[in-house]
Amino acid sequence: MQKIKNKYFKYWEQFQPRGIQSTIMAAFTMISISIMLVLGVVMYFRFSASAKQEMIQGTQKLMEQTGESLEDYLVNMRQISDAIYYNVIKENDFSSPKNDIRQGMNLIYEANRNNLRSIAIYNNYGSLIAAEPVALQKEDPNVAKQEWFQKAVGKMENMHFSTPHIQNLFDDATRRYYWVISLSRAVEITDHGESILGVLLVDMDYASISRMMKKMNTSNHGQYYYLCDSNGEIIYHTRQIQISNGLAYENSAKVAKYKDGIYNDVFEGEQRKVIVNTISYTGWKLVGIIPSATFTHGMFNIKYFIVMLILLMAMMLVVINRMISVRISSPILKLNESIMEYEAGEKPEIYIGGSLEIRHLAYSIQHSYEQIDTLMHKIVLEQTERRKSELDALQSQINPHFLYNALDSITWMVEGERNDDAVFMISELAKLFRISLSKGRTIISIQDELQHAKSYMNIQKIRYKNLFSVVFDIDPSIHNFCTVKLVLQPILENAINYGLIDLDDSGEIRVSGKLQDATVILSVTDNGVGMTEDEVKFVLTDSKHIHKHGSGVGLVNVNNRIRILFGKEYGLIVESEPDEGTTVSIHIPAVPFTEENRQILEKGQLYTKEKVSGLK
């Protein structure tokens, strides 16, 4: 039973899930990883939003600073224009010598020559009245048809800023061409005391604005800035030449309609942020473009930081989870080990430790095992008593039966006046009953059992008038082994009554004994009528299919007594052929006959092959 339990336990253990320590650690690790992933995602989006906001705020701040610089520059240009208008044009009559006018214009030009290319005054027909520095006007520039002139005449109350263009009014002796932005306004010119309409033109050096814009566009992550007027005409762009040649495009016309602020825009399939800042006095739009890829590039360091942080936290959590799982599972594992040792047949103390719940469980298991041990001991005692009672009952069936047959034979001899035979038979009967009684013992030596068999056969030979012969072929080495008493006599009785009764004087019974693989084999062979295969099949079942000429107990009785005491691995084996004879073999373990072994077997405590083989 214990072997079956152990085998079942091992089989069951193979299909169990992972140990509690691994389960706890895996659970904690999964929870920790989930929390870290959620935390990492939250941190990423939080930092991403913060980084985007900081980038946008940084862009706005830079645009505000640049916008202020542009406004200061344009205000300075307006002041120059006002100074010329109010200090030169208003104070002089252009019909008088123009030295004072040139001198005033020259002073203003020289004071601001780093930001100016030229100053010119035209009448309402587009004819040049005065210019600084002194230069020759190109032939037929057609000033009246130029955009800056028309805007100044059309809206006399405003100042007008043009888009960047090459200065094309005056010849330059150095043959250099300058990009300028023209500031034009309508003015009142006094000529011969009369007020006439004129146009003041101030050409600003575009290089100053270009330097400001280039300074902004130092980012190499796709972010850039450009400047356009209120109609979307490009004033400055990083790809201005490509745009002017049609190789690149910018949606400046759309952006020019935006008010100051931040906008989400899609241009050429790319999402981007558009930040608009209007330059005062001009209607110009300073535009900052932040492509979505710029945000992604800016998040690389944040991704790297978060990944490294998660890895560091993961390593720390693995160590912490290991410590926690060991602390939680250690008492349970110790309890499980003590239970497994108990189930393996050992008697260890059930481990009691850990938390209150585990200690309570351990106390309950220990109490259950104690109760099981008590019940098992009680059951063993009950089974031992029952087996002893069964053995005694079987033994009691043999003695009266044989005594009846022996006394019947003695009576028959006395009646036949065979006194010597009767005396010999009574003497043999006395020997037989001395061994049969054996002080109430069930276990005797094989030597005594053989003596009992010889006395029995001497009685039977006299009774049957030497109708058969008996040969004992016994290996002396088996004499001092244990056996259940009276196992040969019923077999010999069956051999006589069933196998040889119908023969004349040719019957022979051979009793042999030998030791084979720690098993004692006692065989009774007769040359009688034998049995068929079907009869052999039922001979040890006490079935009504077999007609028994001997006792009503016979072979079934002997087989049951051996199996009760030594286990189902031992007992009788019957071999027979019709008209050839029968051999009945007794198989019992080779247990040395000692007082200690006899007492153990008498108590019926050992009845398995493993336990019997342990007797010395």
Other residues, nucleotides, ligands: >12 heavy atoms within 6.0 Å of Glu270 CD | yes
Mark yes when over 12 heavy atoms from residues, nucleotides or ligands other than Glu595 sit less than 6.0 Å from its CD; otherwise mark no.
-> yes
Working to the nearest 0.5 Å, report the span between [atom1] of [X] and [atom2] of [Y].
X      : Y      : atom1 : atom2 : value
Met315 : Ile320 : CE    : CD1   : 12.0 Å
Ile509 : Met457 : CD1   : CE    : 4.0 Å
Asn494 : Gln489 : CG    : CD    : 9.5 Å
His452 : Lys431 : NE2   : NZ    : 13.0 Å
Leu515 : Phe481 : CG    : CZ    : 5.0 Å
Arg510 : Thr525 : CZ    : OG1   : 8.0 Å

Any side-chain heavy-atom pair of [X] and [Y] under 4.5 Å:
X      : Y      : answer
Met531 : Phe538 : no
Val484 : Ile588 : no
Leu522 : Val511 : no
Ile262 : Lys273 : yes
Val520 : Thr483 : no
Leu39  : Met313 : yes
Ile586 : Ile521 : no

Partner set under side-chain contact (heavy atoms from CB on, under 4.5 Å) for Leu37, not counting sequence neighbours =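 Leu37: side-chain contact (heavy atoms from CB on, under 4.5 Å) contacts with Ile33.
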Specify the closest pair of heavy atoms between [X] and [Y], including all atoms of both residues, with the distance to one decimal.
X      : Y      : result
Glu508 : Asn527 : N-OD1, 2.9 Å
Val539 : Val574 : CG1-CG2, 3.7 Å
His587 : Tyr570 : O-CB, 3.1 Å
Asn559 : Gly571 : OD1-CA, 3.4 Å
Gly530 : Thr582 : CA-OG1, 3.6 Å
Cys482 : Ile443 : CB-CG2, 3.8 Å

May I have the step-by-step check of side-chain contact (heavy atoms from CB on, under 4.5 Å) for Gln447 and Asn480, ending in yes or no?
-> CA-CA 7 Å; Gln447 185 175 8; Asn480 290 321; 4.2 Å; yes
Does the pair Leu572 and Ile491 meet the rule for a side-chain contact (heavy atoms from CB on, under 4.5 Å), with working shown?
-> CA-CA 10 Å; Leu572 301 185; Ile491 300 173; 4.1 Å; yes
Quick one: list whatever passes side chain to side chain donor-acceptor pair (under 3.5 Å) with Glu415, sequence neighbours left out.
->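 Glu415: no side chain to side chain donor-acceptor pair (under 3.5 Å) contacts found.
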For the pair Ser576 and Glu535, evaluate side chain to side chain donor-acceptor pair (under 3.5 Å) and give the outcome as yes or no after the intermediate values.
-> CA-CA 9 Å; Ser576 185; Glu535 289 176 326; over 6 Å; no
With a 3.5 Å distance limit and no angle check, can you tell me whether [X] reaches the backbone of [Y] through a side-chain donor-acceptor pair?
X      : Y      : answer
Glu449 : Leu486 : yes
Asn597 : Phe593 : no
Ser455 : Gln451 : yes
Ser50  : Arg46  : no

Distance-only donor-acceptor hits, side chain of residues 470-479, under 3.5 Å, sequence neighbours excluded:
from   : atom 1 : to     : atom 2 : distance (Å)
Asp475 : OD1    : Ser477 : N      : 3.2
Asp475 : OD1    : Ser477 : OG     : 3.2
Asp475 : OD2    : Ser477 : OG     : 3.0

